[in-house]
Amino acid sequence: MNTARTLSRRSFLMGAAAIAPLSLLLAGCSNDEEEAAPAQAAPEQAETATDDSSAADAAPAGGNVLVAYYSAQGHTEAVAQTIADELGADLFEVTPAEPYSDDDLNWTDDNSRVTQEHEDESLRDVELEQVTPDGWEDYDTVLVGYPIWWGIAAWPIDNFISGNDWNGKTVIPFCTSSSSGLGQSGELLAEAAGGGNWQEGQRFSSSADESEIRDWVSGLGLA
Ligand SMILES: Cc1cc2nc3c(=O)[nH]c(=O)nc-3n(C[C@H](O)[C@H](O)[C@H](O)COP(=O)(O)O)c2cc1C
């Protein structure tokens, strides 16, 4: 229903608004200008998403797996590619119709696109080239990747989340950041999705090495 979607999106925005000052507060502890680097939370292991109740099935525990991600500067993309490679999963890139240039991403510039969107939530409704991946209904497990922006999931992922039906899917969020943890980003996206069995997820540093990513993936029990 539209109403449900509207409500969940509103709650999401309220939730994001609620934690934004916290991230600014944390960032402010170290440096006035360093808004984008709140204190880092300890990475936590995602819960294993197994659903292997059907007996004689040779299919992997995670079923058909998709790795969907948004990446502005390539770090999340690299992590997504390693995850997909490890799982033999399909990849889907969430692409803004108007991609972010380096100038757009300059969070130290008060007039940059990203700073203006951060300050005015009504500007965060980012149009996407494609909202629903091909064959969406066939995926049982979706890993959702994004960078952290000001302590929350980078908002170009929002219309991908709110525009798809997550019911019946296991969802595992992951993010990259300079120093922030996953924080509440997964919970906020789960709320916006309005469905799906959302797991705890994982944060990687922007420069995470492949072995760390592969270790995490093998612990998910999806392969
Ligand atoms: C607008 C903006 C805001 C950011 N905010 C944070 C932040 O709050 N905490 C943090 O640790 N890193 C922050 N970063 C750093 C990114 O999360 C990090 O570089 C990430 O790996 C980028 O992923 P990507 O290359 O896939 O876009 C920010 C970066 C940008 C461009």
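When a ligand or atom number is given, it counts from 1 through the structure's own listing order. The residues of the chain are indexed from 1 along the displayed sequence.
Judged by the 6.0 Å distance and 45° axis criteria, K169 is positioned over the aromatic ring of W136. Under the 6.0 Å distance and 45° angle rule, R203 does not count as a cation-pi partner of F174.
In terms of N/O distances under 3.5 Å, ligand 1 is not approached by W107. In terms of polar-atom proximity, E77 is not counted as a contact of ligand 1, lacking any N or O under 3.5 Å from an N or O of the ligand. Considering backbone and side-chain atoms alike, S71 places an N or O below 3.5 Å from some N or O of ligand 1. Considering backbone and side-chain N/O atoms, L105 never comes within less than 3.5 Å of an N/O atom of ligand 1.
The ligand atoms of ligand 1 that sit less than 4.0 angstrom from a heavy atom of A72 are 24 (P), 26 (O), 27 (O). Under a 4.0 Å criterion applied to the non-hydrogen atoms of S179, ligand 1 contributes the atoms 10 (C), 11 (O). Atoms of ligand 1 found under 4.0 Å from any heavy atom of S180 (numbered from 1 in listed order, with element): 7 (C), 8 (O), 9 (N), 10 (C), 11 (O). The ligand atoms of ligand 1 that sit less than 4.0 angstrom from a heavy atom of S206 are 18 (C), 19 (O), 20 (C), 21 (O).
Aromatic ring pairs are classed by plane angle as parallel below 30°, tilted from 30° to 60° and perpendicular above 60°; the pair W150 and H118 is parallel.
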Item to check | Trace of the side chain to side chain contact (heavy atoms under 4.5 Å, CB included) decision for T141 with L87 | outcome: CA-CA 11 Å; T141 300; L87 291 171; over 6 Å; no
Checklist entry - Going through the checks in order, is the side chain to side chain contact (heavy atoms under 4.5 Å, CB included) test met by T115 and N111? => result CA-CA 6 Å; T115 302; N111 297 314; over 6 Å; no
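The option from T76, I148, V114, T176 that lies nearest to atom 21 (O) of ligand 1, judged by heavy atoms, is T176. With atom 24 (P) of ligand 1 as the reference point, the heavy atom nearest to it among R113, Q73, R203, H118 is part of Q73.
Crowding of N167 atom CG: a count of heavy atoms from other residues, nucleotides or ligands under 6.0 Å exceeding 12.
Both the backbone and the side chain of W149 come within 4.0 Å of ligand 1, judged by heavy-atom distances.
Between E86 and R214, at least one side-chain nitrogen of the basic residue sits less than 4.0 Å from a carboxylate oxygen of the acidic one, meeting the salt-bridge criterion.
Between C175 and T76 there is no side-chain heavy-atom pair separated by less than 4.5 Å.
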